[in-house]
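Chain identifiers are assigned alphabetically (A, B, ...) following the order of the sequence lines, protein sequences preceding nucleic acid strands; residue numbering begins at 1 within each chain.
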Amino acid sequence: EDQVTQSPEALRLQEGESSSLNCSYTVSGLRGLFWYRQDPGKGPEFLFTLYSAGEEKEKERLKATLTKKESFLHITAPKPEDSATYLCAVQAGSNYQLIWGAGTKLIIKP
Amino acid sequence: DAGVTQSPTHLIKTRGQQVTLRCSPKSGHDTVSWYQQALGQGPQFIFQYYEEEERQRGNFPDRFSGHQFPNYSSELNVNALLLGDSALYLCASSSTAYNSPLHFGNGTRLTVT
């Protein structure tokens, strides 16, 4: 069964303290791994798509990487406005649906 | 450029009632997917519509049904509401391009009492 697991569930950092969020997946025939950011009361906002192991993508203070079993979302020198829940999802095989992790709630304290 | 819009934003219903949620996709998108998100969880796939047909369905009962109109907008209908149907219902649109990312609306918060 296709499965996505994110860790940690919650992460509290001081402003400027870099860290990484993990997304491990078990799927047959990965077509794409997606990272989204979700603010309270809002829908998920698209960040990155990764397609194959070794691929990396960056956007401002965020960098996403992909291996054959997991993806990391690295956040460098975060600011309070980076506080949000970060969701990871995969698309596999012939499926149109995305399989989602439960998310990591990131809190950046000033 | 208007993004995905959903209505209403909030809704309170009683067990056994029926509800209709509406979604207008982002300009240029022709595919609409519906997801249910419980508090503290990731979204769960309900179904996807393309060319006015249900293309794929997740593990949801037949009480959940949908429709896509010629202008690509969509509706989600839920019959015989249960307390467990209380959740955030998200609509997402995408294009037919390979691995086109989903763009989400801000959802409809449904509370069943």
So for atom [atom1], which belongs to [X], do other residues, nucleotides or ligands contribute more than 12 heavy atoms lying within a distance under 6.0 Å?
X     : atom1 : value
A:K57 : NZ    : yes
B:Q56 : CD    : yes
B:I12 : CD1   : no
B:R15 : CZ    : no
B:N59 : CG    : no
A:K42 : NZ    : no
A:R12 : CZ    : no
A:Y25 : OH    : yes

Contact origin within A:I99 toward chain B - heavy atom pairs under 4.5 Å: neither
Chain B contact via A:D39 - side chain, backbone, both or neither, heavy atoms under 4.5 Å: neither
Note, A:Q38 side chain near B:L88 side chain (heavy atom, < 4.5 Å):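 With C-beta onward as the side chain, the pair touches.
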Side-chain heavy-atom pair A:Q97, B:Q48 within 4.5 angstrom cut-off: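 A side-chain contact is absent here, since even the closest heavy-atom pair is not under 4.5 Å.
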B:S94 OG to A:Y96 OH distance, which is reported to the nearest 0.5 Å: 10.5 Å
Minimum-distance pair of heavy atoms, taken over all atoms of A:G43 and B:N106: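 Taking A:G43 first and B:N106 second, the nearest heavy atoms are N-OD1, 3.1 Å.
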Single-linkage hydrophobic cluster, 4.5 Å side-chain cutoff, A:W35 and B:L102 together: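 Unlinked, A:W35 and B:L102 end up in two clusters.
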Single-linkage hydrophobic cluster B:L76~B:V19, side-chain heavy atoms < 4.5 angstrom: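 Per the 4.5 Å side-chain linkage, B:L76 and B:V19 are co-clustered.
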Most contacts with chain A, counted as non-hydrogen pairs under 4.5 angstrom, among B:H103, B:R57, B:R55: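 Highest number of heavy-atom pairs under 4.5 Å: B:R55.
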Stepwise ring pair (Phe, Tyr, Trp, His ring centres under 6.0 Å) check, A:Y36 with B:F104: CA-CA 10 Å; A:Y36 284 80; B:F104 285 85; 5.6 Å; yes
For chain A, which residues of residues 34-44 of chain B have heavy atoms nearer than 4.5 angstrom: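 Listed by number: B:Y35, B:Q37, B:G40, B:Q41, B:G42, B:P43.
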